[in-house]
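Heads up, the thing below is written out as structure tokens.
By convention here, the first residue in the shown sequence is residue 1. The analysis underlying the following values was restricted to heavy atoms, covering all of them including side chains, and did not include hydrogens, waters or symmetry mates. Only a predicted model underlies this, so the values are computations on that prediction, with no experimental measurement involved.
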Amino acid sequence: MKQLIIGVLAAACVPIGANAQTPPQTSPQAPAVIYPDAEASDPVKMGWMIGSPPPADRVVRTDDMGHMTFPKTRWSFSHWREMLPSAEVSRDRSAHNVLPRRERSDLDQVVFTPLGGGEPVTWLQSLSENYTDGILVMHRGNIVYERYFGALTEDGQHIAHSVTKSFVGTVAAMLVAEGRLDRDALVVRYIPELADSAFGDATVGQVMDMTTGLAYSEVYTDFNSDAFDFARAGGMMPRPAGYDGPKTTFDYLKTVKKTGEHGQAFAYKSVNTEVLGWIVTRISGQSLMQVLGERFWKPMGMERDAYLQIDPAGQGVAAGGLNLQLRDLGRFCEMMRNDGQFNGRQIVPAAVVRDIAGGGSQAAFAHAGYETLPGWSYHNQWWVSHNDHGAYMARGVFGQACYVDPKAEMVIVRFASSYRAGNALIDPMSLPAYHAMAEHLMATGSED
């Protein structure tokens with residue numbers, strides 16, 4: 001039974017906020033799993049949660065982890081705040097920004113070759129390959145392409161998973177620019193409660209860039225991995241009978257121990273972002289929901305309120321709990337492309353955007369061994385390509401993405417519900433598609 005649980009979790013149950021890069025390691029005895037394609041797994045066609053009430057075998061629940069099991073995820077990711085507790089990130093209802101449109105009919109036929117080679121693929125084909133739920137392309141500030149599939153509608157909200165981290169990292173970088181947060185200070189200057197944890201002698205900058213040395217594993221093929229303890233503490237998955245572990249995210253952070261030295265190598269571990277979220281709320285005196293609302297949703301004229309998943313203590317899940325509309329994610333990423341300006345206002349200081357886009361230590365990043373991201377780096381909770389377009393990204397498991405290409409004056413945002421959790425399995429189809437779209441838009445300008 002335990003092996004069955006591990007198999008299900010390895011295939012489709014990565015805790016919120018995770019951004020696993022390495023493919024799951026399957027047992028030699030485990031039979032190969034054949035997943036239905038995007039059309040066959042369409043949640044509307046499959047009838048998930050349709051009916052009054054839905055048939056028993058068409059119900060998506062959290063107590064059995066069904067909301068994290070493919071193909072039920074094709075419904076649950078577009079209905080996340082119906083599954084788990086969340087709190088509102090409020091917009092300014094009197095100041096809705098309308099995105100201009102210049103939609104094009106030629107983009108579905110953009111062709112590229114996947115990483116590693118193979119037959120050419122069109123942009124439209126790639127959307128099915130990665131189980132896209134919604135995708136938006138903006139060029140020079142205009143919407144040129146917008147599509148929705150499955151359970152997601154243009155007014156709907158979708159779980160962003162680890163794309164959330166980049167929102168939190170951007171706020172932290174803004175606090176640094178304002179002189180309210182010191183990257184070189186120890187975390188305990190702001191959160192003394194972590195003095196006895198691994199974060200006790202880590203700097204804020206090391207947390208922001210995930211170069212901390214933590215005895216914490218995010219191995220989703222191992223049911224004993226620390227990631228599952230973190231998920232249980234934060235209310236992201238059911239707790240077993242008699243559970244006596246940490247009851248909140250913050251309580252769990254106090255238990256994380258150190259291994260090795262801080263500042264030596266990049267290691268993607270979601271607990272870093274939870275520490276950063278704690279710092280942001282401590283400095284601001286506001287909840288993470290209020291911070292995101294005041295910093296982004298209200299001044300940017302977002303189209304819809306967003307929702308942030310909360311832990312059992314009512315604290316926002318910084319590592320991956322944001323639920324938002326696709327066009328609002330597009331607004332945020334277009335703001336970053338435009339040096340922090342949007343809706344007639346300077347939302348993020350231009351120097352902060354330039355610092356993020358400039359990236360971090362490529363040498364530190366190389367230690368992680370991401371084969372699909374050679375030469376990349378990680379800085380302030382953003383993934384930076386260092387390619388000739390200066391592209392950088394916010395990334396989340398199962399295909400969530402915000403891709404900013406300054407040279408091409410392009411932004412691509414995507415929500416997805418792939419059966420593949422790790423981006424290492426999604427990148428071969430996604431990254432060359434994004435770059436091909438950028439090259440096409442640069443070559444054709446505003447032509448239709």
Side-chain angles (χ1 to χ4, degrees), residues 17 162 164-216 230 248-292 294-296 313 315-319 340 347-365 367 377-384 394:
S162 286
T164 310
K165 289 180 170 70
S166 298
F167 282 82
V168 176
T170 302
V171 172
M174 294 169 73
L175 291 173
V176 171
E178 293 164 8
R180 300 171 65 187
L181 179 61
D182 184 352
R183 276 184 63 94
D184 297 325
L186 294 179
V187 167
V188 292
R189 173 175 167 181
Y190 305 100
I191 312 292
E193 296 94 324
L194 292 176
D196 295 330
S197 75
F199 303 100
D201 62 346
T203 68
V204 172
Q206 289 163 348
V207 168
M208 292 175 73
D209 292 352
M210 293 205 191
T211 58
T212 48
L214 309 180
Y216 174 89
F230 171 52
T248 70
T249 300
F250 291 168
D251 284 343
Y252 181 81
L253 296 176
K254 300 172 188 176
T255 72
V256 178
K257 301 303 180 184
K258 183 181 179 182
T259 185
E261 296 298 322
H262 299 311
Q264 301 299 307
F266 168 74
Y268 187 89
K269 297 182 179 182
S270 295
V271 288
N272 284 294
T273 317
E274 293 301 340
V275 170
L276 192 59
W278 194 352
I279 292 172
V280 166
T281 58
R282 179 66 57 86
I283 289 175
S284 67
Q286 297 178 309
S287 72
L288 201 53
M289 290 71 74
Q290 291 172 314
V291 169
L292 295 176
E294 295 298 325
R295 293 279 183 170
F296 303 126
Q315 302 301 300
V317 178
I347 306 299
V348 177
V352 170
V353 176
R354 288 195 294 268
D355 178 57
I356 288 171
S361 169
Q362 291 169 276
F365 187 87
H367 286 279
S377 70
Y378 191 83
H379 186 49
N380 292 346
Q381 308 281 304
W382 286 83
W383 304 78
V384 183

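No donor-acceptor pair closer than 3.5 Å links the side chain of Gln381 to the backbone N or O of Thr170. At distances below 3.5 Å, not a single donor-acceptor pair connects side-chain atoms of Thr273 with backbone N or O atoms of Ala319. Judged by distance alone, the side chain of Thr212 and the main-chain N or O of Leu214 form no donor-acceptor pair under 3.5 Å. Under the 3.5 Å distance criterion, the side-chain polar atoms of Ser162 are left unmatched by any main-chain donor or acceptor of Lys165. Although no hydrogens or angles enter the test, the distance criterion places no donor-acceptor pair under 3.5 Å between the side chain of Glu274 and the main chain of Val317.
The side chain to side chain contact (heavy atoms under 4.5 Å, CB included) with Val280 is formed by just one residue from the set Leu292, Leu181, Val275, Leu288; it is Leu288.
Summarising the geometry, atom CE belonging to Met208 is positioned 7.5 Å from atom CD1 belonging to Ile356; distances are rounded to the nearest 0.5 Å. For the atom pair Arg183 CZ and Asp355 CG, the distance stands at 7.0 Å (nearest 0.5 Å). Between atom CZ of residue Phe199 and atom CD1 of residue Ile279 there is a gap of 9.5 Å, rounded to the nearest 0.5 Å.
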Given Phe230 and Lys269, is the side chain to side chain contact (heavy atoms under 4.5 Å, CB included) satisfied, shown in steps?
CA-CA 11 Å; Phe230 171 52; Lys269 297 182 179 182; over 6 Å; no

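Ring orientation note: the planes of Trp383 and Tyr378 are nearly perpendicular, at an angle over 60° on the 30°/60° scale.
In this structure, Phe365 has its ring center closer than 6.0 angstrom to the ring center of Phe266.
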